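Heads up, the thing below is written out as structure tokens.
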Amino acid sequence: MVPFLPLQLDRESRVPLQQQLYDEVRSAILSGRLSPGARVPATRALAADAGISRNTVAGAFDQLLAEGYLEGKVGSGTYVARSLPEDLLRARRPASPVRKLEPAGDLSRRGRMLAAIPFSAARRGIATARAFRPGVPALDEFPRVLWARLAARLLRHAPDAILTYGEPAGYRPLRQAIAGYLRAARGVRCSAEQVIVTAGSQQALDLAVRLLLDPGDTAWVEDPGYLGARGAFRAAGIRTVPIPVDHEGLNAAEGESRAPEARLACVTPSHQFPLGATMPLARRMMLLDWARRRRAWIVEDDYDSEFRYAGRPLPALQGLDSSGRVIYTGTFSKVLFPALRLGYMVVPKQLVDAFVSARALADRHPPGLEQALAAEFLAEGHFARHLRRMRALYAERQQALLAALRSEIGDGLEVAPAEAGMHLIGWLRNGADDSAVAQKAAEAGVLVTDLSAYSMKAQLRPGLLLGYAAFTPRQIREAARKLAVALNSVK
Ligand SMILES: Cc1ncc(COP(=O)(O)O)c(C=O)c1O
């Protein structure tokens, strides 16, 4: 192990610590101060040494790994790359008359900040649909033949309205179908005018925070919580304050005591991500009361409420809002498929024009054919049928996962059935390192996500997210077997 660099991190700087660490290690590699093949310390040790969070170190290392400066795997030995990418080698030659290309250095401050926010699974190289990746629906059971038939019919007869520049708020028949669905199934109070079709809920989160908050403003985020929301907020220059969630989700009183100045709260009240709590009525009323009193905003991310297997689903928080403070977001990623990139938001009437203008500046409008296809899928009743089938299927797959974990792992992992959602949490014994387990599991060919990856400050019992919706019982059993091996190897 090399004695690692004397790190010079400036806590007062506006440049995030993660970016500073990335810059230091990268320039040490380029200047030769860290030699090819040298082992770099484990994220945990480096974080402790430098007095910064392990997530910060892991984020910087992830980026260096993705860009080819480091190789190996975070957690199981990381090394300076033996052969650096060609252009970097060229950049090291001092005599070059051409100004050096500094990919990170040439970015704006905002660009560097954006590039350093860890979010995309694809960037982290885990875009595969391998068990137990959470949040992916049953692609094997998607009615592809029907979808293809509708698509072919649509393409043959596509009216010009679908092929030309469309409305920034989305294709009208789809907005009408979404409004009808949300009113009936989710108790959302809206007209089609208030529905804006987005590129998944990610775009909705991004628009909401940029239109409603200014850089430097504060938002409450659930801890543990969804990285996509936290990332979008940080990208907009928002200070995110983690509010711990309990078995009833986020508590507005706790939020007010931690960050009374907050202008927005982002919540998943139907099914807290990732722990699964449903927010009861009293907490919902408290949150709405806070938003009304403080003229603050609530972003309700209703990402997978369709999948509930027992008990009655609580209608959306938006339906209780009489002050126009809730922005509701939903997605077709879970109920159809994620690559469709169609989601929606419902905004208070007086905000529609502003949101639509901003949306047009980002990417004009959603894709015409996909919207028309989704509209037909809903209008012809296929959507409702597909949902019913998937609900029954996911309940079975959850049972298959519980059975496989019981027989392959037994006491090594504590799991309880869940009434909703697409993943379970497997609790490890206290003191276990869930990110090390996730790393070992990845080496054994099974994809589990450590709960600690979703927490900011929350001191959680270590656990693993185990997605089951996308996998057949056979794939689930095989993955459980591999997970058992990985768990044994870290004992
Ligand atoms: C909490 C949460 N919100 C939203 C989404 C959906 O994101 P999108 O609609 O951009 O695919 C996900 C998907 O993983 C999620 O877990």
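Both ligands and their constituent atoms are indexed starting at 1 by order of listing. Everything numeric here is computed off the predicted structure, so don't read it as measured data.
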A student comparing E222, R341, H423 should find that the heavy atom closest to atom 10 (O) of ligand 1 comes from R341
Is the gap between the ring centers of H423 and F307 under 6.0 Å? no
Is the centre of the F273 ring less than 6.0 Å from the centre of the Y303 ring? yes
Quickly, which of F337, Y344, F377, Y181 forms a ring-ring contact (aromatic ring centres under 6.0 Å, His included) with F332? Name it, please. Y344
Can you name the atoms of ligand 1, numbered from 1 with element, that are less than 4.0 Å from a heavy atom of [X]?
X: T331; answer: 8 (P), 9 (O)
X: G200; answer: 9 (O), 10 (O)
X: Q202; answer: 10 (O)
X: F273; answer: 1 (C), 16 (O)

Step through the shown structure and confirm whether more than 12 heavy atoms of other residues, nucleotides or ligands are within 6.0 Å of CG on D353. no
Counting heavy atoms not belonging to Q350, are there more than 12 under 6.0 Å from its CD? yes
Honestly, for Q203 the part within reach of ligand 1 (heavy atoms, under 4.0 Å) is neither
Tell me which part of S201 gets within contact of ligand 1: side chain, backbone, both or neither, using heavy atoms under 4.0 Å. both
Carefully, step by step, assess S452 and D450 under the rule side-chain hydrogen bond (donor to acceptor under 3.5 Å, both in side chains). CA-CA 5 Å; S452 53; D450 44 307; 3.1 Å; yes
Can you tell me which residue and heavy atom of the protein come closest to [atom], and the distance to 0.1 Å?
atom: atom 11 (O) of ligand 1; answer: S333 OG, 2.6 Å
atom: atom 14 (O) of ligand 1; answer: K334 NZ, 2.7 Å
atom: atom 3 (N) of ligand 1; answer: D301 OD2, 2.6 Å
atom: atom 5 (C) of ligand 1; answer: Y226 OH, 3.4 Å

Cationic tip of R391 within the cone over Y309's six-membered ring, i.e. under 6.0 Å and within 45° of the normal? no
I'd like to know if the side chain of Q272 and the backbone of G249 have a donor-acceptor N/O pair within less than 3.5 Å. no
